[in-house]
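Throughout, protein chains are lettered first and strands after them, A, B, ... in sequence-line order, and every chain is numbered starting at 1. Every heavy atom of this structure was used, including side-chain atoms; hydrogens, water molecules and symmetry mates were not.
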Amino acid sequence: MSNQPVLQIENLRVSFRVHDAYYAAVDGVSLNVHKNEVLAVVGESGCGKSALALSIMGLHPPAKTKLEGKILFHGTDLLSLSVHELNKIRGKDIGMIFQDPLTALNPLMTVGRQIEEGMDFHLSLSSLEKRGRTIELLERVGIPNPNQVYHRYPHELSGGMRQRIVIAMAIACHPSLIIADEPTTALDVTIQSQIMDLLRELQQQMNTGIVLITHDLGVVAEMADRVAVMYAGEIVEMADVYTLFDRPLHPYTRSLLQSIPSAQHPKERLHVIQGIVPPLQKLPRTGCRFRSRIGWIDESEHEEQPILREVEPGHFVRCICYKNFHFPHDHIGDMKYGIS
Amino acid sequence: MLKFILRRIMMMIPQLLILSILVFALAKAMPGDALTGQLAQSPKMDANTLMEMREKLGLNDPVHIQYVRWVKNLLHGDLGLSYIHQQPVTDLLSGRLANTLLLSACVLLLTYLIAIPLGLVSGRWQDSWADKLIVGYSYVSFATPLFIFALVMLFVFGFKLGWFPTGGSVDIQVEKGTLDYYINKFYHLLLPALSGALIGTVGIIQYLRSEIIDTKVKDFVKTARAKGIPESKIYSHHILRNSFLPIAAFLGYEITGLIGGSIFLESIYSYPGLGQLFLQSIMQRDYSVVTALVMISGLATLIGTLLSDIILSAVDPRIRIE
Ligand SMILES: Nc1ncnc2c1ncn2[C@@H]1O[C@H](COP(=O)(O)OP(=O)(O)OP(=O)(O)O)[C@@H](O)[C@H]1O
Ligand code: SF4
Ligand SMILES: [Mg+2]
């Protein structure tokens, strides 16, 4: 991994206006992504993953959103740019892959045109060259008969095909960073792995940095170099993928890992995380945000204001008292907690 | 595309059939028949002559035979005889039809010319003062009845200020076919058309506005922004085209509205068109004319929806497939 990170997020806060007050959906997030590195961001629904991704792309409605902190892309703070300046970077140096390929494409425009469109503004190519490049891209993302598909409308293609089109759009101008927000959630399981394989392959060919947002830990294990675990707008644990799966420390990470069925121990009881991520307005803003969902841990064992600490090189945990954490069924006779 | 249009036109055949049956049934259900108006004009006509005339006109035949005869005549362009005007309905309509088409086309054109830019501004700059002003105007225009507004316009710009003629479709002294003639005709048209258009914009403005507001937060617009496309191009390439779809679908409805509107406009501006004739004929119980006009307005509505569908299929690739 090279020296200067492609993306450097420092203390990012993304707040949405609800009625008259702002509520932070991303609260003090810092992370780096290097060239040729896949950083996975995992967490439950509503923990602020998309809010994070959209703020990198400048896609939040400006009137309703407050962005604080820094998003440095090759050293330039994206938050300080005007829309005009940002338009020179997004679509060219940063590509975005969206979650739902059914809605991410304009229904009235041929897919060929939609892929080309970004090139109109970022590259000075003749229309013939653009056309050639688009066909090449279609081929590259595994579309059969690219010459014909070029003229197709989105509704004529399957979900998997459309996601390939979205990927082709994202890589059209050879970006150095790709943001992929749950790129396979909306697809069939078999298609999911094909799309992931494609992403992996493209990433290796182009040495791109990728921020991969997902809640599928299987995908994380397969794709990621490093993982950031988010809970309620904060990063609660961050480590390289081996460390994280081998020595998860934060109670939330451990709960997540406990909640996936493992092939080695099929009979093992799965842990169910109690409750849901609280809605934005009800989010606890002081103390540990996860506390209410592990009610069996004695109050006295929690830290007052947990901060992210490096517990071993490259392994960050927002906790000191993880040492005392245990699952409820580890205790005999304490069976009333979240077991299905 | 061509196949779609052909198929769509074929679909009109059963529609026309049903329309003609409905109109015929309505004509039959109306109190009196083609002779009633005549009777009102000359009340002294004796019962025998009346019976004879009924027989001669086939009004005593079984209903289905009368229907077939009516449709046959219709297809030959024979809409019967107006007893009030003592001339074939077809002759009576021909000059007026052109006038009404012209007026309606002008109203429609002006409506779109006014409503589309306003709808665009309103939707794009939602909640700005311009938006509030436009929405305010559209509500006021919605709440104002056409006939009152048209009367006020006529009074102010026609009579008080004298800027526009107050009636007719053209001055008699200008020679037909000259440039002056067309300018004069347009001059007569402008005030009624403007009255109709200013009142008729609310639907399009509101539709376009809410459509743009919906569309601009759609995922594919986010995708377009993520490509680094400038805002103006995002509107022209992505938001507007998608927002125009329901406006195109609205066209059939607009045309139906024009028919009702022309009755008021033409009567108030004493503009010699079908709408004015319609109101007169109803009051004089000139049934053959009323029947013909109802048939024509039904046909206009069908053509309106046909146009909507053709435009929609031209804009929206998803429709062409079906
Ligand atoms: N524009 C907005 N206005 C107000 N609240 C918002 C807005 N966008 C997101 N939120 C809220 O911010 C929180 C985080 O949302 P976000 O979409 O980032 O979650 P996520 O982690 O991407 O979830 P998912 O896995 O469902 O995609 C949620 O509580 C959501 O309701
Ligand atoms: S304070 Fe308690 S709940 Fe919070 S992170 Fe530490 S151990 Fe977990
Ligand atoms: Mg999301």
When only heavy atoms count and the cut-off is under 4.5 Å, which of residues 107-118 of chain A reach chain B? A:P107, A:L108, A:M109, A:Q114, A:E117, A:G118

Within residues 122-137 of chain A, residues adjacent to chain B where the heavy-atom gap is under 4.5 Å: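 Hits under 4.5 Å: A:H122.
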
Under a 4.5 Å heavy-atom cut-off, does chain B meet the side chain of A:L105, its backbone, both or neither?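 Backbone only.
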
Under 4.5 Å heavy-atom distance to chain B, tell me which part of A:L102 shows up: side chain, backbone, both or neither. neither

For B:F278, look at atom CZ and say whether over 12 heavy atoms of other residues, nucleotides or ligands are found less than 6.0 Å away.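 Yes, the 6.0 Å shell around CZ holds more than 12 heavy atoms from other groups.
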
Tell me whether the count of non-hydrogen atoms from other residues, nucleotides or ligands lying under 6.0 Å of OH in B:Y207 goes above 12.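 Not buried by this count: 12 neighbours or fewer within 6.0 Å.
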
Contact residues of residues 215-238 of chain B (partner chain A; heavy-atom separation under 4.5 angstrom): B:D219, B:F220, B:K222, B:T223, B:R225, B:A226, B:K227, B:G228, B:I229, B:P230, B:K233, B:H237, B:H238

Which one wins on heavy-atom pair count under 4.5 Å against chain B: A:T103, A:N106, A:V166?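 Highest number of pairs under 4.5 Å: A:N106.
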
For A:E68, enumerate each residue passing the salt bridge (Lys or Arg N to Asp or Glu O under 4.0 Å) test, keeping only those at least two apart in sequence or located in another chain. A:R13

